[in-house]
Amino acid sequence: MIPPEFDYTRVSSVDEAISALTDGGEDAKLLAGGHSLVPLMKLRLAAPGLLVDIGGVEELKGVQRSNGSFSIGAMTTHATLQFDEQLGLLSVAASEIADQQVRNRGTIGGSIAHGDPASDLPAVLLAAEAEVVAKGPNGERTIPVAELWQDYLTTSLAPDEVLTEIRVPAFEGYSHGYEKFTRRAEDWAMVGVAALVSVRDGTCEDVRVGLTHMSSTALRASAVEDALRGQPLDAERIAQAAELATEGTEPPADLNASADYKRHLARVLTRRALEKAAGLS
Ligand SMILES: Cc1cc2nc3c(=O)[nH]c(=O)nc-3n(C[C@H](O)[C@H](O)[C@H](O)COP(=O)(O)OP(=O)(O)OC[C@H]3O[C@@H](n4cnc5c(N)ncnc54)[C@H](O)[C@@H]3O)c2cc1C
């Protein structure tokens, strides 16, 4: 459990981080909370030659609200999200990540950049149609999260880009439900489901469903959403729609669950998350 040797530098601004990444080449990696990268290094599944520690970059920390959306700094910890109730679904999902020690160190930017399909936050951000801001040597760009996660632990971020900000709509008038199934308390999700619903006069105006660990990346359950949008939101319709939760999924089998069991979980958890969002449970 001892990582290979590496160089280390601590920076105090995003621009310094970009310079250090550029100088370090593809062998350089940002270090945020270290709760995904360091375990990989200890297992010798990652061996960066240089770690660029962004723990002291204050401009990357905190949550701000303006014009109907939240701007969340990439170095904002899961614990900050967990205790910020105005974030709704994102706050609930953050509170389900691992244990308090992990939530005190792990960051939203690290989770997004790591790209693990079992992570809690990507399904929420997909459902919310969030976007991220990345800054590199050639300037800044905005990326919709739907274009960010490309495959298992693979994102569209360049090696010399720093994820700086996550922009999440505030979802006024929406209610939410979050369901995560684990073998033991505080484990990673076997499957997770994030649901956002807006209802007017009993009719579903809008619905967003994000799935965790049902493919090599987080996914939207579009068939479920299409089946409910514009329909009365009652228990029977929700149960019927939830049966479509596995359309377009390719759940990876692992030690905890076969692919079939994950499909079963996705249907059940989608129903429960939607019932919760619709105020039926
Ligand atoms: C015991 C344990 C249990 C866990 N359980 C869960 C769980 O149930 N659910 C869950 O979602 N997560 C879980 N995690 C993961 C945890 O949420 C991590 O903190 C998170 O995935 C990574 O965040 P980090 O800040 O620690 O990133 P780091 O480990 O520091 O970095 C991860 C990767 O992202 C890159 N990176 C970091 N920040 C940036 C940035 N701003 N721009 C570009 N690249 C960046 C790094 O270079 C690295 O490649 C668990 C971790 C542990 C140790």
Side-chain angles (χ1 to χ4, degrees), residues 1 3 6 8-11 13-14 16-18 20-21 24 26-43 45-57 59-61 72-82 90 92-125 132-136 140-141 143 148-149 152-166 178 180-192 194 210 212-213 218 256:
M1 298 299 273
F6 56 88
Y8 172 90
T9 183
R10 187 168 165 91
V11 295
S13 72
V14 171
E16 278 179 38
I18 295 167
L21 286 177
E26 290 212 4
D27 238 14
K29 277 260 173 212
L30 293 177
L31 178 70
H35 272 45
S36 289
L37 181 56
V38 173
L40 283 185
M41 291 167 64
K42 287 183 168 183
L43 292 167
L45 295 171
L50 170 68
L51 287 188
V52 179
D53 187 345
I54 51 174
V57 182
E59 65 193 283
L60 291 177
K61 295 177 188 172
I72 304 173
M75 279 300 293
T76 305
T77 62
H78 304 320
T80 300
L81 305 179
Q82 166 189 7
L90 192 58
V92 173
S95 74
E96 297 266 338
I97 295 173
D99 50 46
Q100 199 61 53
Q101 288 92 328
V102 172
R103 296 194 290 269
N104 286 342
R105 293 289 305 173
T107 64
I108 183 170
S111 178
I112 290 174
H114 188 54
D116 188 328
S119 296
D120 289 84
L121 301 184
V124 175
L125 297 172
V132 302
V133 180
K135 196 170 177 192
E140 204 171 75
R141 65 184 178 124
I143 312 166
L148 187 67
W149 298 293
Y152 182 71
L153 304 188
T154 308
T155 71
S156 55
L157 291 170
D160 54 4
E161 276 184 317
V162 179
L163 188 61
T164 56
E165 180 188 345
I166 299 92
Y178 188 70
K180 172 178 181 177
F181 196 83
T182 55
R183 193 163 63 84
R184 300 168 309 184
E186 302 176 344
D187 264 354
W188 293 84
M190 280 189 208
V191 174
T212 296
H213 221 179
N256 288 321

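For the numbers below, each heavy atom of this structure counts, side chains included, while hydrogens, waters and symmetry mates do not. As the structure lists them, so they are numbered: ligands from 1, and atoms in each ligand from 1.
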Practice item. Check ligand 1 against D187 and write out every atom of the ligand that is under 4.0 Å from a heavy-atom position of the residue. Key: 8 (O)
Exercise for review: Mind listing the closest non-hydrogen atom pair of G55 and K61 along with its distance?
Suggested key: O-NZ, 2.7 Å
**Study point:** Whether R103 side chain and I97 backbone form a donor-acceptor pair below 3.5 Å
**Key:** yes
Review point. Looking only at side chains, do D116 and Y152 share a donor and an acceptor under 3.5 Å apart?
Key: no
**Study point:** Protein contact to atom 42 (N) of ligand 1 [nearest heavy atom, distance to 0.1 Å]
**Key:** L163 N, 2.8 Å
Check your understanding: Is any N or O atom of T107, backbone or side chain, closer than 3.5 Å to an N or O atom of ligand 1?
Key -> yes
Study note, to complete from the structure: For H78, the atoms of ligand 1 under 4.0 Å from one of its heavy atoms are 16 (C), 17 (O), 19 (O)
Exercise for review: Work out which heavy atom in A47 is nearest to a heavy atom in D27; give both atom names and the distance.
Suggested key: O-OD1, 4.4 Å
**Study point:** Geometric N/O contact R105 with ligand 1, under 3.5 angstrom
**Key:** no
Exercise for review: State whether the shortest distance between N or O atoms of E186 and N or O atoms of ligand 1 falls below 3.5 angstrom.
Suggested key: no
Exercise for review: Looking only at distances, please establish whether an N/O atom of ligand 1 is found under 3.5 Å from an N/O atom of P39.
Suggested key: no
Review point. Do L37 and ligand 1 have an N or O pair less than 3.5 Å apart?
Key: yes
**Study point:** Any N or O of A189 closer than 3.5 Å to N or O of ligand 1
**Key:** no
Review point. Taking all atoms of both residues into account, what is the closest heavy-atom pair of I112 and L148, and its distance?
Key: CG2-CD2, 3.2 Å
Practice item. Check for a donor-acceptor pair, side chain of E161 on one end and backbone N or O of A158 on the other, with a separation under 3.5 Å. Key: yes
Review point. Counting heavy atoms only, which of L30, T182, V102, L40 is nearest atom 16 (C) of ligand 1?
Key: V102
Study note, to complete from the structure: I54 heavy atoms within 4.0 Å reach ligand 1 at atoms 41 (N)
Practice item. Using a strict cut-off of 4.0 Å, indicate which atoms of ligand 1 neighbour a heavy atom of A74. Key: 41 (N)
Revision key, fill the gap. Ranked by distance from atom 28 (P) of ligand 1, the top protein heavy atom is G34 N, 3.4 Å
Review point. Closest non-hydrogen protein atom to atom 21 (O) of ligand 1, residue and atom name please, with distance?
Key: S36 OG, 2.9 Å
Review point. Can you name the closest pair of heavy atoms from G115 and W149 and give their distance?
Key: CA-CD1, 3.8 Å
Check your understanding: With a 3.5 Å cut-off and no angle check, do the side chains of E96 and Q82 form a donor-acceptor pair?
Key -> no
Practice item. Please work out which of S119, A98, A28, G136 has its closest non-hydrogen atom nearest to atom 3 (C) of ligand 1. Key: A98
Review point. Which of the atoms in ligand 1, numbered in the order shown and given with their element, are less than 4.0 Å from a heavy-atom of V162?
Key: 42 (N)
Review point. Going by the order shown, which atoms of ligand 1 are within less than 4.0 Å of some heavy atom of A32?
Key: 25 (O), 27 (O), 30 (O), 37 (C), 38 (N)
Review point. Would you call S156 and I143 a side-chain contact if the rule is heavy atoms closer than 4.5 Å?
Key: yes
Review point. Counting heavy atoms not belonging to E26, are there more than 12 under 6.0 Å from its CD?
Key: no
Review point. Can you check whether G33 has an N/O within less than 3.5 Å of an N/O in ligand 1?
Key: yes
Check your understanding: Among protein heavy atoms, which lies nearest atom 51 (C) of ligand 1, and at what distance?
Key -> H35 O, 3.6 Å
Review point. How far is atom 49 (O) of ligand 1 from its nearest protein heavy atom, and which residue and atom is that?
Key: K29 NZ, 3.4 Å
Check your understanding: Is K29 atom NZ crowded by more than 12 heavy atoms from other residues, nucleotides or ligands, each under 6.0 Å away?
Key -> no
Review point. Would you say L31 and V38 make side-chain contact, with heavy atoms under 4.5 Å?
Key: yes
Check your understanding: Is I97 near ligand 1, meaning one of its heavy atoms is under 4.0 Å from it?
Key -> yes
Review point. In terms of residue, atom name and distance, what is the protein heavy atom nearest to atom 15 (C) of ligand 1?
Key: W188 CH2, 3.3 Å
**Study point:** Closest non-hydrogen atom pair between A17 and V11, with its separation
**Key:** CB-CG2, 3.8 Å
Check your understanding: Hey, does D120 come in under 3.5 Å of ligand 1, counting only N/O atoms on both sides?
Key -> yes
Review point. Would you say H213's side chain and A189's backbone share a donor-acceptor pair under 3.5 angstrom?
Key: yes
Point to revise | Protein heavy-atom partner closest to atom 8 (O) of ligand 1 - residue, atom, separation in Å | key: K180 NZ, 3.1 Å
Revision key, fill the gap. On a heavy-atom basis, the closest approach of T107 and H78 is O-CE1, 3.3 Å
Check your understanding: Considering only protein heavy atoms, which is closest to atom 44 (N) of ligand 1, and at what distance to one decimal place?
Key -> A113 CB, 3.3 Å
